[in-house]
Amino acid sequence: MSELTKKTDEDVIEKPLPPNWILQHPMYQHLMNLDVGDGAQVHAAFLVYLDLAEVRQWKEVSGVGCSELRLVLLEGREKEGEPTQTVLPLPVHRGLCHRSVRSVLARGSPMLLCVVASDSSLVYQRMCDGLLTPDPPVGIQDQGRRQHRKRRQQH
């Protein structure tokens, strides 16, 4: 029998992360070095980065600074070979003006707005230049002519 033995779950001891592990993360440090001057927005960008890279498995996720807006943007590909998308991470307490959205859209790639709540929950909204008709809800078929209810006539 070989000297190599199979390790069990009990043999593997995971070290707890230090309390300031976020500050030591290379991507967090990169985002801080973009020097946008808003720590809350950098923190929101890092949380969105973790969601995109670790949970949703996006490819080539990177942080870029937008000096005009003093914001951190994320860029990445949802799947290999797809076009790069720009993600604007925004803390829920921070406002967003039309000019800012237009400026990010002018970069030329599809844009996602990601609002980050104080409990770290994330809400994504696809943004576009102009108006789009929404896709029909999944699982609902078009019935052709819509049924209209007759209004009650009041005498």
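Numbers for residues simply follow the sequence, beginning at 1.
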Hydrophobic cluster membership, Leu113 vs Leu105, 4.5 Å side-chain cutoff: yes
Cluster overlap Val72 with Val115, hydrophobic side-chain contacts below 4.5 Å: no
Minimum heavy-atom distance between Val48 and Cys114, given as atom pair plus value: CG2-SG, 3.5 Å
More than 12 heavy atoms from other groups under 6.0 Å of CE on Met32: no
Hphob cluster co-occupancy, Trp21 + Leu23, side-chain heavy atoms under 4.5 angstrom: yes
Residues which pass side chain to side chain contact (heavy atoms under 4.5 Å, CB included) with Arg77, listed by chain and number, not counting sequence neighbours: Lys59, Glu60, Thr84
By side chain to side chain contact (heavy atoms under 4.5 Å, CB included) - contacts of Asn33 (at least two apart): none
Sequence-distant partners of Gln57, side chain to side chain donor-acceptor pair (under 3.5 Å), two or more places apart: none
Taking every non-hydrogen atom, the tightest pair across Tyr49 and Leu74: N-CD1, 3.6 Å
Considering all heavy atoms, the nearest Val116-Ala44 contact: CG2-CB, 3.8 Å
Nearest non-hydrogen partners of Gly63 and Leu31, listed with the distance: CA-CD2, 3.8 Å
Nearest atoms (heavy-atom pairs only) where Tyr28 meets His43: CE1-CA, 4.3 Å
Side-chain heavy atoms of Val36 within contact of Leu71, under 4.5 Å: no
CD-CD distance between Gln29 and Gln24, expressed to the nearest 0.5 angstrom: 7.5 Å
same_hphob_cluster(Val87, Val101) at 4.5 Å side-chain heavy-atom cutoff: no
Heavy-atom closest pair, residues Met111 and Val104: SD-CG1, 3.4 Å
For residues 120-127, which side-chain donor-acceptor pairs fall under 3.5 Å, sequence neighbours excluded?
{"unit_1": "Ser121", "atom_1": "OG", "unit_2": "Asp119", "atom_2": "OD1", "d": "2.7"}
{"unit_1": "Tyr124", "atom_1": "OH", "unit_2": "Asp51", "atom_2": "OD2", "d": "2.6"}
{"unit_1": "Arg126", "atom_1": "NH1", "unit_2": "Gln85", "atom_2": "OE1", "d": "3.1"}

For Ser103, side chain to side chain contact (heavy atoms under 4.5 Å, CB included) partners two or more places apart: Glu68, Leu69
Side-chain touch Leu47/Pro89, heavy atoms, less than 4.5 angstrom: no
Heavy-atom side-chain contact between Leu112 and Glu78 under 4.5 Å: no
May I have the list of side-chain donor-acceptor pairs in residues 90-99 shorter than 3.5 Å, sequence neighbours left out?
{"unit_1": "Arg94", "atom_1": "NH1", "unit_2": "Asp38", "atom_2": "OD2", "d": "2.7"}

